[in-house]
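Contents: one structure, followed by commentary.
What's counted below: heavy atoms across the whole structure, side chains too, no hydrogens, waters or symmetry copies. Letters A, B, ... are given to chains in the order of the sequence lines, protein chains preceding strands, and every chain is numbered from 1.
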Amino acid sequence: MMSLRDKSCVTGVGETVYMRGSSKTAFELQIEASLKAIADAGLTPKDIDGIIPVGIVSGTADDFIENFGIPDMRFSAIIPHGGASPVMALQCAAAAVAAGVCNHVLITFGRNVSAASNKAGARIHQMPQFHFVTEFEYPIGAIAPAQLYAPMARRHMALYGTTVEQFGEVAVACRKHALLNDNALMKKPITLEDHRNSRMIADPFRLLDCSLESDGGAAIIVSASERAGDLRQPRVYISGVAAGHPDSPGSITQRPDMTSLGIAKAAPRAFQMAGVTHDDIDLTQIYDCFTYAVIRQLEDIGFCAKGEGGPFVENGRLQLGGALPTNTHGGLLSQAHVWGLNHIVELVRQLRGQGGRAQVENAEVGLVSGYGDMGDGALAILRRG
Amino acid sequence: MTLPTKPIPQATPLSRSYWEAAAEGRLVIQHCAACGKARHYPRLLCDACYSDAVEWKPATGAGRVHSWTVAHHAFHPGFAGELPYTLVTVDLDAGVRALGQWKSVGTPFIGQLVQGRFIPRDDTADLIFESGQD
Ligand SMILES: [Zn+2]
């Protein structure tokens, strides 16, 4: 079977300012981020011939054709898997450009959750993939992701002894990194004690276990490797990429093993495609909708055995200077929540050596995960050219 | 002042039998009429034999706690007056898993024997669980 290894590169990245209470619509934010990513690559909007708008909350491919005057768009796709979608879009874009379908794919996302109709509890119950949850769980009070994930985390704690302090390690690492990032919402340092004392949201999740509600947009460009050499930035190759779904993806309640994730199926495929091992990974950007989700994914990606994710994150391992710097931008927990497209942006910057004050020295190979719809997963291994 | 209303399940052709029984205080679980495999939540096809033939069988509501959470923050105004409330995930003796509201004192523990039943409210019935007898 043909491998996608190194057939494509991420050639452009762009982000808006992240904030709360933006006066711009989701589509305006998405356009702004997209133009930045296109300029970063050294392209013009008319060069884009493939587009994957992430999610269905902002602009469509047609909207982009019209606003950019794209003369010959050859490819578009919609990937409906929540926060897993950006990394799944990497796989889709890599396949499209490797097959010669198109040259430059724009992956783009924008959101404005400050609008009242977009509050955390309301959103997911309008999405078709959550119809089981909406019919059977929402009416009895399982409203928002925190409440749906909490029993999964509670069971992980009961089975493996995972602790509140270990959740806190993830929150503290992300916050520490956010303080190095001018475009991060959270500006105040936190300690394990601050985490432990933050108010309870859905036991065992406290406020500092939960990702941020924020407005903003992010975008990346994926180009065929043979086109990337002419562009502005150093090459960052997509070396390995894969997606996976848990059994019974529609509801955590109905999953045979409630703590299982799709990324467990995807990870071996991505590592094999990239031809690297876990020891080769210099840094990771792990989708952090909740602190617990980082611990669980590190296990399923294979950095440690299932149940050992808690001890794995202790003693600052995820912090800059630790063995596995993670979420060097601050993550969804402390930078902003744009469905993890910001995780890809950050990994690309790090591999270009553009990580600013959070730069990981000699970063050559990095991993980014996507996680959505309560358990769908994807990961990509990127390497600098 | 009227209290904010809680969401009500929207039954579909697939699930109508479940909610009709619930309104009468009975818990029924969808089974494949061809091979007998139980499935929940209701689905169109049996994933073992792909038959769409369905049989609804009564379940006792007895089971054991799989996991739980206590909600301390209302993400929907209809639940603000009930905080904190506990949600419990239960492995039913019927061979499937269900989510319900916990109505006994204190928090449940994993493995605890529980008994489920429906209590009526508005135009629907809520599945609730209470501590059972070992
Ligand atoms: Zn069957």
- More than 12 foreign heavy atoms under 6.0 Å from CD of Glu314(A): is that the case here? yes
- Give a yes or no on whether Ile119(B) atom CD1 has more than 12 heavy-atom contacts from other residues, nucleotides or ligands under 6.0 Å away.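 Above 12, so yes.
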With a 4.5 angstrom heavy-atom cut-off, could you sort out which part of [X] is near chain A: side chain, backbone, both or neither?
X        : value
Pro42(B) : both
Ala98(B) : backbone
Thr12(B) : both
Leu87(B) : side chain
Arg39(B) : neither

Exercise. Check whether any side-chain N or O of Gln10(B) sits under 3.5 Å from a backbone N or O of Glu135(A) as a donor-acceptor pair, and report yes or no.
Key: no
Would you say the side-chain atoms of Tyr85(B) pair up with the backbone N or O of Gly141(A), donor to acceptor, closer than 3.5 Å?
yes
What pairs with Ser251(A) under side-chain hydrogen bond (donor to acceptor under 3.5 Å, both in side chains), at least two apart in sequence or on another chain?
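Result, side-chain hydrogen bond (donor to acceptor under 3.5 Å, both in side chains) vs Ser251(A): Glu137(A).
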- Message: Taking every non-hydrogen pair under 4.5 Å, which of Arg199(A), Gln254(A), His131(A) racks up the most with chain B?
- Response: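 Maximum pair count with chain B is reached by Gln254(A).
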So CD1 of Ile140(A) and CG of Leu127(B): to nearest 0.5 Å the spacing works out to 6.5 Å
So OG1 of Thr107(B) and CG of Asp203(A): to nearest 0.5 Å the spacing works out to 8.0 Å
For residues 29-38 of chain B against chain A, heavy atoms under 4.5 Å, the residues are none
Search all heavy atoms of [X] against all heavy atoms of [Y] and return the closest pair with its distance.
X         : Y         : result
Ile252(A) : Arg97(B)  : O-NH1, 4.3 Å
Ala202(A) : Thr69(B)  : C-OG1, 3.5 Å
Pro7(B)   : Tyr138(A) : CB-CE2, 3.5 Å

In short, ring-ring contact (aromatic ring centres under 6.0 Å, His included) pairs touching residues 32-74 of chain B with sequence neighbours left out are Phe132(A)-Tyr41(B), Phe136(A)-His40(B), Phe136(A)-Tyr41(B), Tyr18(B)-His40(B), His73(B)-Phe75(B)
Could you tell me which residues in residues 146-163 of chain A have at least one non-hydrogen atom under 4.5 Å from a non-hydrogen atom of chain B, sorted by residue number?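 Under the 4.5 Å heavy-atom cut-off, Ala146(A), Gln147(A), Ala150(A), Pro151(A), Arg154(A), Arg155(A), Ala158(A) qualify.
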